[in-house]
Amino acid sequence: MYDRESHYIGGRWVRAAKSDRLVVHNPADEAVLGHVPAGTPDEAALAVAAAVRAFDDWASRSVAERSEVIRRFTACLKGRAALLAKTITEEVGSPASFSARVQVGLPLLTFDSQPTHASEIVWHQRVGHSMVLREAAGVVVAITPWNYPLHQIAAKIAPALMVGCTVILKPSELAPFNAYLLAEAADEAELPDGVLNVVFGTGAGVGSSLVAHPDVDVVSFTGSNETGRIVSELASRSVKQVHLELGGKSPNVVLDDADLEQCVAEGVARSMVNSGQTCTSLSRLLVPKRLLSQAEEIAASAVANHPLVDPSAEVEGIRPTVYSDKLAHLPTTFALGPLVSANQRERVVDFIRRGVHDGARLVAGGPQRPSGFDQGYYVLPTIFSNTTPDMSIVREEIFGPVLCLQAYDGSDDSAVTMANETPYGLAAAVRSKDPERALAVARRIRAGQVEINQARFNPFAPFGGFKQSGHGRELGTWGLEAFLQTKSIQLPPSGS
Ligand code: ADP
């Protein structure tokens, strides 16, 4: 059983040295959920030492042996699926059904799929007189955020462990309790000591010590662009491999032949997933100028598809399911929970105020506190029109339930120009009655993943950004590649 006064280091619960504790709140009612240790640089060093000690043995095991351990770990996680979903609903504020299906279902699928992905890697091959080997890259530090806390952990640690790396995880201080359950599952699955270590605390207190540690080989980070830059600079001092999964301001391009009603309603939904706290949120809806007023009307009525709810209220009767192909893309009607924290709410409301101040027009929502939600970090689903490309609501990632309508002149060329008019390049969507035309536009958008019409998220396809959305790819076999090194051994002529 885990102990919330401790870190998980070297295969045991290690009581935190400092008496400082970080408070974790339930965003739905602002109540204190509990505390976690504020880890220190010394504890970071202890965890790195444990991971270094465990590396040689773990990396030298066969893929079959490691697959067996990963399967045990996955089974122990599945045994905790309902508790994980409840925990994420409490600490992040995701509605219970979403927590079960996506917040927990998706990471379980990622864990489940590792042995298959490992079997697809070419571990050794001959190139002339050379033997080319793929080997574990070494000790990995995984730094993760709060919005899809377990998914982001799984996308890093499952492939890293699968290929033979040892890991130190520093989960978000806003949503850390799911990581306790994960460590508990690792312990029950009898992962060898030190193969997975979990250290709790803030970025400044413990994260930066991990990133800067000279014995760490790879840093895999998901979070904001500001922090990503700091992490990248720190890691580069000791020439570490760095993977960055950062923000986005993703365009949803409605071409002039698309079914406007369907595309706008879906567009509103795709900007509101997890209350807009999604790095791939399609937060800009691009429509031909002549259709803008019609799009505004549809968008204004589509917000009714997204009522605010107490995220725990629907807990009864919802069983976590393993996310599967049978579950199509997200529905267009779903409820929204609160934002994760008071700071996040303030930041989003500030963006909304700035949008109004800059001359954008509110089609729905606004900065006011939603009626009936006197407590909790709730924000109304908000839609802006009359936007211009220089406005902060159009340029910057808001990370809340805020959608900007943008009008382009109607040609595919101008749609592509507007779609690419951002320093980000994480995601995009293209909607058209003509899939060939949509594909042609999709190919011209500079983003790591582009969806066409109702195509659903593919958890085995590579995930990552172009431009300032980061570098490196997660998920599928690409997720494993990120933690591999390549070695060539030149063999002597036979008989020498
Ligand atoms: P968010 O607030 O969206 O989670 P952040 O980028 O601030 O985004 O945080 C993402 C993760 O990075 C968190 O686990 C956080 O503790 C960690 N972090 C923040 N600052 C640093 C830092 N200087 N070094 C390492 N990790 C950090």
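Throughout, numbering of the chain's residues begins at 1 and tracks the sequence. Every number for a ligand or one of its atoms is a count from 1 in the order of the listing.
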Pair Phe200 and Tyr180, ring centroids less than 6.0 Å apart:
yes
Examine distances only and state if a side-chain atom of Glu30 and a backbone atom of Gly376 form a donor-acceptor pair shorter than 3.5 Å.
yes
Assign the ring pair Phe73 / Phe111 to parallel, tilted or perpendicular, where the plane angle (0 to 90°) is split at 30° and 60°.
perpendicular
For this output row, return yes or no: ring centroids of Phe460 and His117 closer than 6.0 angstrom.
yes
Identify the protein atoms, limited to N or O, that lie within less than 3.5 Å of an N or O atom of ligand 1, and list each pair with its distance to 0.1 Å.
{"unit_1": "ligand 1", "atom_1": "2 (O)", "unit_2": "Trp146", "atom_2": "NE1", "d": "3.4"}
{"unit_1": "ligand 1", "atom_1": "3 (O)", "unit_2": "Trp146", "atom_2": "NE1", "d": "3.4"}
{"unit_1": "ligand 1", "atom_1": "4 (O)", "unit_2": "Trp146", "atom_2": "NE1", "d": "3.1"}
{"unit_1": "ligand 1", "atom_1": "6 (O)", "unit_2": "Ser224", "atom_2": "N", "d": "2.9"}
{"unit_1": "ligand 1", "atom_1": "6 (O)", "unit_2": "Ser224", "atom_2": "OG", "d": "2.7"}
{"unit_1": "ligand 1", "atom_1": "6 (O)", "unit_2": "Thr227", "atom_2": "OG1", "d": "3.0"}
{"unit_1": "ligand 1", "atom_1": "7 (O)", "unit_2": "Thr227", "atom_2": "OG1", "d": "3.3"}
{"unit_1": "ligand 1", "atom_1": "14 (O)", "unit_2": "Thr144", "atom_2": "O", "d": "2.8"}
{"unit_1": "ligand 1", "atom_1": "14 (O)", "unit_2": "Lys170", "atom_2": "NZ", "d": "3.0"}
{"unit_1": "ligand 1", "atom_1": "16 (O)", "unit_2": "Lys170", "atom_2": "NZ", "d": "2.6"}
{"unit_1": "ligand 1", "atom_1": "16 (O)", "unit_2": "Glu173", "atom_2": "OE1", "d": "2.7"}
{"unit_1": "ligand 1", "atom_1": "16 (O)", "unit_2": "Glu173", "atom_2": "OE2", "d": "3.4"}
{"unit_1": "ligand 1", "atom_1": "16 (O)", "unit_2": "Gly203", "atom_2": "N", "d": "3.3"}
{"unit_1": "ligand 1", "atom_1": "24 (N)", "unit_2": "Ser208", "atom_2": "N", "d": "3.4"}

Check: Phe221 ring centre within less than 6.0 Å of His243 ring centre
no
Could you tell me if Arg347 sits above the aromatic ring of Phe399, with its cationic atom closer than 6.0 Å to the ring centre and no more than 45 degrees from the axis?
no
